[in-house]
Amino acid sequence: EDLRKTLENPGGIQIILRAADGTIVGYLASKPHNEALEELRQYDPKMQEEENALYIESIAILPESRSLRTFLQLGKIFLQEAKNRGFKKITMHARVASSLSSALQKRYGAKYLRTIDNWLNFGESFDYLEIEVGTKKEP
């Protein structure tokens with residue numbers, strides 16, 4: 001239900017990945033940072049208000065469809081759309097165990113701010129990251 005609300009949120013950017021046959025193989029769901037802050041501050045008390053920022057709530061790609069190329073393409077599309085809409089920052093809590101946090105830091109220059117152990121009672125650590133987004137539109 002929470003994911004459905006995020007996917008239907010017009011203030012965020014939602015990307016659905018489809019295979020050549022049209023089957024959904026993944027997605028990226030985001031919402032305005034300050035909306036996420038209201039829900040997540042109890043789990044990460046250091047979160048602060050951010051104007052013109054998006055919070056990535058969830059990224060999922062089916063295992064058989066995961067590749068570096070797919071991941072990079074998803075990130076490129078998302079960041080370009082965020083830039084086009086005038087967002088200045090992307091925030092997220094990214095999994096450490098799956099190397100998502102590390103990949104975002106290396107590939108997209110995500111800035112590591114802190115680690116939260118047992119994020120949302122998932123039993124694993126997540127890093128809080130921020131990515132600066134250029135707001136100058138491409139010609």
Side-chain angles (χ1 to χ4, degrees):
E1 186 60 32
D2 288 339
L3 179 58
R4 179 178 299 280
K5 285 180 185 176
T6 298
L7 288 170
E8 293 172 350
N9 186 328
I13 296 171
Q14 320 320 326
I15 299 172
I16 305 294
L17 295 173
R18 295 184 183 273
D21 67 0
T23 305
I24 294 174
V25 297
Y27 67 87
L28 182 151
S30 69
K31 64 170 81 174
H33 173 88
N34 292 340
E35 285 181 28
L37 175 65
E38 305 244 339
E39 301 165 20
L40 300 175
R41 188 175 280 172
Q42 65 183 322
Y43 304 105
D44 184 353
K46 293 183 179 179
M47 280 183 80
Q48 298 177 4
E49 286 192 18
E50 298 279 354
E51 295 305 316
N52 297 318
L54 277 177
Y55 180 83
I56 296 177
E57 179 144 303
S58 183
I59 301 172
I61 302 173
L62 292 174
E64 61 272 15
S65 298
R66 288 181 193 155
S67 69
L68 180 59
R69 181 174 181 261
T70 301
F71 175 72
L72 294 175
Q73 188 174 26
L74 178 64
K76 180 180 177 182
I77 292 166
F78 177 73
L79 288 172
Q80 185 60 53
E81 185 61 24
K83 181 179 176 179
N84 291 345
R85 293 191 193 184
F87 289 101
K88 295 182 180 172
K89 189 181 285 186
I90 305 300
T91 62
M92 73 206 80
H93 289 90
R95 289 182 75 188
V96 174
S98 67
S99 300
L100 177 60
S101 176
S102 176
L104 289 165
Q105 291 174 62
K106 289 176 186 168
R107 297 287 179 167
Y108 297 104
K111 180 180 173 186
Y112 165 85
L113 295 176
R114 62 188 160 274
T115 299
I116 293 94
D117 295 323
N118 194 22
W119 175 246
L120 299 178
N121 296 317
F122 288 161
E124 61 181 283
S125 298
F126 278 57
D127 289 341
Y128 181 74
L129 306 174
E130 293 181 347
I131 299 174
E132 296 293 328
V133 178
T135 55
K136 180 180 172 193
K137 292 196 177 189
E138 298 298 318

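Please read all numbers here as calculations on a predicted model, not as lab measurements. Below, all heavy atoms of this structure are taken into account, side chains as well, without hydrogens, waters or symmetry copies.
Within the structure, salt bridge (Lys or Arg N to Asp or Glu O under 4.0 Å) contacts touching residues 62-75 (residues at least two apart or in different chains) do not occur. Sorted by first and then second residue, the pairs that involve residues 35-69 and meet ring-ring contact (aromatic ring centres under 6.0 Å, His included), not counting sequence neighbours, are Tyr55-His93.
The two residues Leu129 and Tyr112 come nearest to each other via the heavy atoms CD2-CA, 3.6 Å. Minimum interatomic distance between Phe78 and Ser30 (heavy atoms only, all atoms of both residues): CE1-OG, 3.7 Å.
With sequence neighbours left out, Asp127 forms a salt bridge (charged side-chain N to carboxylate O under 4.0 Å, His left out) with no residue at all.
Side-chain contact between Phe126 and Leu100 is absent, with no heavy-atom pair separated by less than 4.5 Å. Using a 4.5 Å cut-off on side-chain heavy atoms (C-beta onward), Ile131 and Met92 make contact. With contacts defined as side-chain heavy-atom distances shorter than 4.5 Å, the pair Leu74/Ile61 qualifies.
Linking ILVMFWY side-chain heavy atoms closer than 4.5 Å, directly or via other members, places Ile13 and Leu104 in a single hydrophobic cluster. Cluster membership check: Tyr128 shares its hydrophobic cluster with Phe122, using side-chain heavy-atom separations under 4.5 Å among Ile, Leu, Val, Met, Phe, Trp and Tyr.
Interatomic distance, Leu54 CG to Lys89 NZ, rounded to the nearest 0.5 Å: 12.5 Å. Thr91 OG1 to Ile56 CD1: the interatomic distance, rounded to the nearest 0.5 Å, is 8.0 Å.
Under 3.5 Å, the side chains of Gln80 and Asn84 contain a donor-acceptor pair of N or O atoms. In this structure, a donor-acceptor pair under 3.5 Å is present between the side chains of Thr70 and Ser67.
Within a 6.0 Å sphere centred on CD of Gln48, other residues, nucleotides and ligands contribute 12 heavy atoms or fewer.
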